[in-house]
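So the structure is just underneath, and the comments pick up after that.
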Amino acid sequence: MRDLNDCAQNDEAVGLSDQILTWYDVNARPLPWRVSPAERAGGVAPDPYRIWLSEVMLQQTTVAAVKDYFHRFTARWPTVQDLAAAEDGAVMGEWAGLGYYARARNLLKCARVIANEQAGVFPTTYDGLLKLPGIGPYTAAAISSIAYDLPETVLDGNVERVMARLYNIDAPLPGSKPQLKTLAAALTPDRRPGDYAQAVMDLGATICSPKSPACGICPWRAPCLARSAGTAQALPRKTPKKPKPTRRGFVYLARAANGDWLLERRPDKGLLGGMLGWPGSEWCETAAPEPPFASDWQSLGAEVRHSFTHFHLILQVMVTDLPRQHSPAAGQLRVSVDDFRPSDLPTVMRKAFDLWQGQ
DNA sequence: GAGCCGTGGAT
DNA sequence: TATCCAAGGCT
């Protein structure tokens, strides 16, 4: 929440926010969840449900990747009550492929809190939003400003980059985050804060890009200190990351004569939590085979290669026939051909299926 | 605070 | 091929 003792924008800040709002009025990208500046001026208010859903999907995820998921979710669950009433597996399946699956679990938790305890109405304050599962400082500020036009300050990767360049901040992230937040807060206007928030993020996504910023057409080219210093491309600095180790493992695809597959619902916590997957071994430096039942397992020729956030994975794909009488162990389930949709699988598991299908 | 948590596109 | 990185949150 904006501190009570925050001063109002000074004159220079008013000039800067006006410049970028003018740019946004002309250059705002049409997005499925966006109310354009013209629509907003005409009295159209954003739907908090759609803003919330889009913001959760956009966490660490590109606009291009989100669009189709957003359309499918809103078509299938048009309101927060509809989503709250959905089955867990349906939501996890619809999220499959988008990544960071804790978001989907928290999305459902949040929807149920709002539907069951708040009459389907989203909180209208930053502090109220912040209490909800899956809503952190960024998302609470984004919903507050975009949906309710409250002067909260969004600080995402775009805003961090734009502020680091505008003020030529040399200190590396993430340590410099508080300073960047202060700078961003001083620019946040009381007039049209929702459009302003989207304007700065659009600027970061299109013009003030990480690799080669298009400073020549930037609405802030004149005041930008990094541009005059020639440091824009190098900012923001970041503390170096650790290299990713490689892990190996086995997955087991068992298919019955009638087309049934043996799958498992992964536990709610941890990697791919709550998602469907193939039974498999531990994933570690040197994995040992751990078949789900004794059989004549055959190895597929090729391996699945996949990279997660913090390690690379090489999977050996093993296949066999699923006996008619085989009953699934705890956590496992037998899925009929009619119920099995590869699109319900997280990407790494779908890759294993694709490999089986391709040979 | 630092590690964990996906995926795909750009370079 | 390898790295970066994207409208971050949770523990």
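Residue numbers start from 1 in every chain, and the chains themselves are labelled A, B, ... in the order their sequence lines are given, proteins ahead of strands.
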> On a whole-Å scale, what distance lies between the P atoms belonging to B:dT11 and C:dA7?
Replying inline: 14 Å
>> Of the listed nucleotides (C:dA7, C:dC5, C:dG8), which one gets closest to any side-chain atom of A:Lys238?
In response: C:dC5
> For B:dC5, does either OP1 or OP2 sit under 4.0 Å from a side-chain N or O belonging to A:His310?
Replying inline: yes
>> Counting only side-chain nitrogens and oxygens, does A:Gln59 get under 4.0 Å of the OP1 or OP2 atom of C:dG8?
In response: no
> Is there a donor and acceptor pair closer than 3.5 Å between the side chain of A:Tyr138 and the base of C:dG8?
Replying inline: no
> Between B:dC5 atom P and A:Met275 atom CE, what is the distance in whole Å?
Replying inline: 15 Å
> Which residues satisfy the salt bridge (Lys or Arg N to Asp or Glu O under 4.0 Å) test with A:Glu264, sequence neighbours excluded?
Replying inline: none
>> Categorize A:Leu272 for me: base, sugar-phosphate, or nothing, with a 4.0 angstrom heavy-atom threshold over every strand shown.
In response: sugar-phosphate
> Taking atom P of C:dT3 as reference, at what distance in whole Å does atom NZ of A:Lys244 sit?
Replying inline: 9 Å
> In whole angstroms, how far is the C1' atom of C:dG8 from the CE atom of A:Met201?
Replying inline: 12 Å
Would you tabulate the side-chain donor-acceptor contacts of residues 107-119 of chain A under 3.5 Å, counting partners in other chains and residues two or more places apart, or write 'none'?
from	atom 1	to	atom 2	distance (Å)
A:Arg112	NE	A:Ala84	O	3.1
A:Arg112	NH1	A:Asp88	OD1	3.1
A:Arg112	NH2	A:Ala86	O	2.7
A:Arg112	NH2	A:Asp88	OD1	3.0
A:Asn116	ND2	A:Arg112	O	3.1

> With a non-hydrogen cut-off below 4.0 angstrom, is A:Leu173 in contact with a base, only sugar-phosphate, or nothing?
Replying inline: nothing
> Looking for any heavy atom pair under 4.0 Å, which part of the strands does A:Gly97 touch: base, sugar-phosphate only, or nothing?
Replying inline: sugar-phosphate
>> Suppose you measure atom P in B:dG6 against the same atom in C:dT11; what distance do you get, rounded to whole Å?
In response: 14 Å
> Any side-chain donor paired with an acceptor under 3.5 Å for A:Gln59 and A:Tyr138?
Replying inline: no
>> Under 4.0 Å, counting only non-hydrogen atoms across every strand here, what does A:Arg29 touch: a base, just sugar-phosphate, or nothing?
In response: base
> At under 4.0 Å, does any side-chain N or O of A:Ser307 touch on OP1 or OP2 of B:dG6?
Replying inline: no
> What nucleotide among B:dC5, B:dG6, C:dG8 has an atom nearest to a side-chain atom of A:Thr61?
Replying inline: B:dG6
> Using a cut-off of less than 4.0 Å, is there contact between a side-chain N or O of A:Arg161 and OP1 or OP2 of C:dC5?
Replying inline: no
> Testing A:Leu315, A:Leu345, A:Val317 for side chain to side chain contact (heavy atoms under 4.5 Å, CB included) with A:Trp278, which one passes?
Replying inline: A:Leu345
>> Quick check: closest heavy atoms across A:Ser281 and A:Tyr252, and the distance to 0.1 Å?
In response: N-CE1, 4.3 Å
> What is the distance from CZ of A:Arg305 to P of B:dT7, rounded to the nearest Å?
Replying inline: 17 Å
>> From OH of A:Tyr69 over to C1' of C:dA7, roughly how many Å is that when rounded to an integer?
In response: 17 Å
>> Taking any heavy-atom pair under 4.0 Å as a contact, classify A:Val348: base, sugar-phosphate, or nothing.
In response: sugar-phosphate
> Among side-chain atoms of A:Thr22 and A:Asp25, is any donor-acceptor pair under 3.5 angstrom?
Replying inline: no
> In whole angstrom, what separates A:Lys241's NZ from C:dT3's C1'?
Replying inline: 9 Å
> Tell me: CH2 of A:Trp95 to P of B:dC5, nearest whole Å?
Replying inline: 18 Å
>> Taking only side-chain N and O atoms of A:Lys242, does any of them lie within less than 4.0 angstrom of OP1 or OP2 on B:dG3?
In response: yes
> So what does A:Pro346 hit on the nucleic acid, given a heavy-atom distance under 4.0 Å: a base, only sugar-phosphate, or nothing?
Replying inline: sugar-phosphate
>> Starting the side chain at C-beta, find the nucleotide from C:dG8, B:dT11, B:dT7 nearest to A:Lys211.
In response: B:dT11
> Atom CE of A:Met349 to atom P of B:dT7: distance rounded to whole Å?
Replying inline: 9 Å
> Would you say the ring centroid of A:Trp95 lies under 6.0 angstrom from that of A:Phe73?
Replying inline: yes
> Think A:Thr139 has a side-chain N or O under 4.0 angstrom from the OP1 or OP2 of C:dG8?
Replying inline: no
> C1' atom, B:dG1 versus C:dG8: distance in rounded Å?
Replying inline: 16 Å
> Can a side chain N or O of A:His306 be found less than 4.0 Å away from OP1 or OP2 on B:dG6?
Replying inline: no
> Which residue lies toward the 5' end of DNA chain B, A:Arg105 or A:Pro174, if each is placed at its nearest nucleotide?
Replying inline: A:Pro174
> Counting any heavy atom closer than 4.0 Å, what does A:Thr309 reach on the DNA or RNA strands: base, sugar-phosphate only, or nothing?
Replying inline: base
>> Check the phosphate of C:dA6 against A:Tyr100, side-chain N and O only, distance under 4.0 Å to OP1 or OP2. Yes or no?
In response: no
>> Measuring from the side chain of A:Leu271 (C-beta onward, heavy atoms only), which nucleotide among B:dT7, B:dC5, C:dA6 has the closest atom?
In response: B:dC5
> Closer to the 5' end of DNA chain B via nearest nucleotide, is it A:Ser212 or A:Arg103?
Replying inline: A:Arg103
